Q: 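Mind looking over this structure? Questions follow.
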2 protein chains.
Amino acid sequence: MFSKACEYGIRATIYIASRSRQGERAGIKDICKEIGAPEHFTAKILQNLSRMKIISSVKGPNGGFYLDEGAKNIKLIDVVRAIDGDKLFTGCGLGIKECSETKPCPIHNEFKAIRNSLQQMLERTSLTDLTKDLEKGLVFLKR
Amino acid sequence: MFSKACEYGIRATIYIASRSRQGERAGIKDICKEIGAPEHFTAKILQNLSRMKIISSVKGPNGGFYLDEGAKNIKLIDVVRAIDGDKLFTGCGLGIKECSETKPCPIHNEFKAIRNSLQQMLERTSLTDLTKDLEKGLVFLKR
DNA sequence: ATAATAAAGGATGTTTTTGTCCTTTATAGG
DNA sequence: CCTATAAAGGACAAAAACATCCTTTATTAT
Ligand code: FES
Ligand code: FES
């Protein structure tokens with residue numbers, strides 16, 4: 001479904017959102033330990049998200065990644081789009097050159113419905129929403 | 001969503017089902033021309049599907065791939081499972097080691113709903129179902 | 001029998017994705 | 001200013017996915 005990069009990216013940003021809500025920044029080592037992801041690879045992903053202004057970062061002692069005030073209602077779809085693009089939401093399920101109503105593939109209608117419900121789910125879910133259950137220990141970012 | 005191999009595999013088997021309904025076998029060259037897929041790569045995929053008894057084949061002149069009588073109600077999910085496995089239907093959307101109710105990831109419930117509706121769609125759609133619209137020229141397997 | 005045909009199988013090559021390592025740059029604190 | 005810290009960036013490595021090529025085997029028609 002999502003690429004590994006995207007999976008790590010989402011898990012990392014959820015964790016960052018949680019730490020951020022507590023007024024803390026999260027270091028890459030810490031993040032990767034908590035979400036069970038490869039450190040250097042995840043660092044690259046967060047660098048990209050940072051360049052795209054999805055998340056913020058500061059270097060140096062007590063530095064790390066965080067969500068700035070305006071980014072508190074970043075939605076999952078923003079993270080997915082930033083990492084995997086929107087092929088998943090606009091592309092044909094059977095991989096024909098383009099998904100269109102006028103020249104649809106055999107599963108176009110059924111697939112589109114599922115693709116749209118995935119998109120809507122990602123659009124309505126913000127990182128901050130997910131931190132609540134995480135902090136209550138009801139959901140997990142690894143194992 | 002699906003791998004390239006799976007996309008080609010589904011498109012190829014739909015085309016095979018259609019030719020099969022007309023009592024014909026389809027050769028690999030023909031298939032790949034009609035669905036716009038790489039010939040040698042697709043040949044491998046169909047060889048696998050053939051070994052797994054999803055489709056049938058005969059060698060030699062007038063040979064080719066076809067659906068045998070018992071395989072006429074092969075569902076899309078059979079093709080997907082044979083090629084991509086069932087990670088898509090059982091795995092965690094955020095890539096944690098396993099998807100479980102007792103240790104769910106933050107999007108488990110929402111994701112599971114979508115994953116299930118995809119699975120159900122693939123379970124209720126047979127290759128033969130899809131050939132009707134194809135033969136009417138309402139849907140397409142390339143471009 | 002023989003030749004032509006078409007799938008099966010094995011080997012190999014390319015590209016993309018995933019993952020690691022090392023150096024550079026920015027920042028904070030003494 | 002100097003040092004320690006932590007992200008940024010570039011280069012490289014490994015694995016998986018995607019794709020091609022060539023030889024072998026089975027089948028059909030002559
Ligand atoms: S054309 Fe295939 S999903 Fe729209
Ligand atoms: S645990 Fe993530 S989808 Fe079930």
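Residue numbering restarts at 1 for every chain, and letters A, B, ... go by the order of the sequence lines. Note that the structure is predicted; figures quoted are calculated from it, not measured.
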Q: Taking salt bridge (charged side-chain N to carboxylate O under 4.0 Å, His left out) as the test, write out the residues that go with A:K132, two or more places apart.
A: none
Q: Is there side-chain contact between B:L122 and B:F89, with at least one heavy-atom pair below 4.5 Å?
A: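 A side-chain contact under 4.5 Å exists here.
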Q: Please list residues of residues 8-41 of chain B whose heavy atoms come under 4.0 Å from any atom in DNA chain C, ordered by number; otherwise none.
A: B:A26, B:G27, B:I28
Q: With axes from five pairs an end, tell me the bend angle of the helix from C:dA1-D:dT30 to C:dG30-D:dC1, nearest 10°.
A: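 That helix gives 10° between its end axes.
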Q: Can you list the residues that meet the side chain to side chain contact (heavy atoms under 4.5 Å, CB included) rule with A:K97, with sequence neighbours excluded?
A: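 A:K97 satisfies side chain to side chain contact (heavy atoms under 4.5 Å, CB included) with no other residue.
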Q: Report all side-chain donor-acceptor pairs from residues 133-143 of chain B shorter than 3.5 Å, counting only partners two or more places apart or in another chain.
A:
{"from": "B:E135", "atom 1": "OE1", "to": "B:R21", "atom 2": "NH2", "distance (Å)": "2.8"}
{"from": "B:E135", "atom 1": "OE2", "to": "B:S18", "atom 2": "OG", "distance (Å)": "3.0"}
{"from": "B:E135", "atom 1": "OE2", "to": "B:R21", "atom 2": "NE", "distance (Å)": "3.4"}
{"from": "B:K142", "atom 1": "NZ", "to": "B:K33", "atom 2": "O", "distance (Å)": "3.1"}

Q: To the nearest angstrom, how far is A:Q47 atom CD from C:dT25 atom C1'?
A: 12 Å
Q: Contacts to DNA chain C from residues 59-68 of chain B, heavy-atom cutoff under 4.0 Å, which residues?
A: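 Residues of residues 59-68 of chain B that come under 4.0 Å of DNA chain C are, in numerical order, B:K59, B:G60, B:P61, B:G64, B:F65.
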Q: Under a 3.5 Å threshold, yes or no: a donor from one side chain and an acceptor from the other, between B:D84 and B:S3?
A: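 The answer is yes; a qualifying pair exists.
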Q: Which side-chain hydrogen bond (donor to acceptor under 3.5 Å, both in side chains) pairs, counting each pair once, include a residue from residues 37-49 of chain B, with sequence neighbours left out?
A: B:N48-B:R51
Q: Using whole Å, what does the distance between atom C1' of nucleotide C:dG9 and atom CD1 of B:I45 come to?
A: 15 Å
Q: Between A:V58 and A:K44, which is nearer to the 5' end of DNA chain D once each is assigned its nearest nucleotide?
A: A:V58
Q: Please name all residues satisfying side chain to side chain contact (heavy atoms under 4.5 Å, CB included) with A:D68, sequence neighbours left out, ordered by chain then number.
A: A:S56, A:Y66, A:A71
Q: Going 5' to 3' along DNA chain D, which are the first and last nucleotides with any atom under 4.0 Å from a heavy atom of chain A?
A: D:dA4 to D:dA11
Q: Once ring pair (Phe, Tyr, Trp, His ring centres under 6.0 Å) is applied, do any residues pair with A:F65, and if so which ones, sequence neighbours excluded?
A: none
Q: Output all residues satisfying salt bridge (charged side-chain N to carboxylate O under 4.0 Å, His left out) with A:E34, sequence neighbours left out; order by chain, then residue number.
A: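 Here no residue qualifies.
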Q: Describe, in one word, how the ring planes of A:Y8 and A:F41 are oriented to each other, choosing from parallel (under 30°), tilted (30 to 60°) and perpendicular (over 60°).
A: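 Rings of A:Y8 and A:F41: perpendicular, over 60°.
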Q: Looking only at heavy atoms, which two atoms of B:E7 and A:L94 are closest? And how far apart?
A: CB-O, 3.4 Å
Q: Can you confirm whether A:E110 sits close enough to B:M121 that some side-chain heavy atom of one is under 4.5 Å from a side-chain heavy atom of the other?
A: yes
Q: Only counting residues at least two apart or in another chain, list the ones meeting salt bridge (charged side-chain N to carboxylate O under 4.0 Å, His left out) with B:E24.
A: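 With sequence neighbours excluded, B:E24 shows a salt bridge (charged side-chain N to carboxylate O under 4.0 Å, His left out) to B:R19, given in chain and number order.
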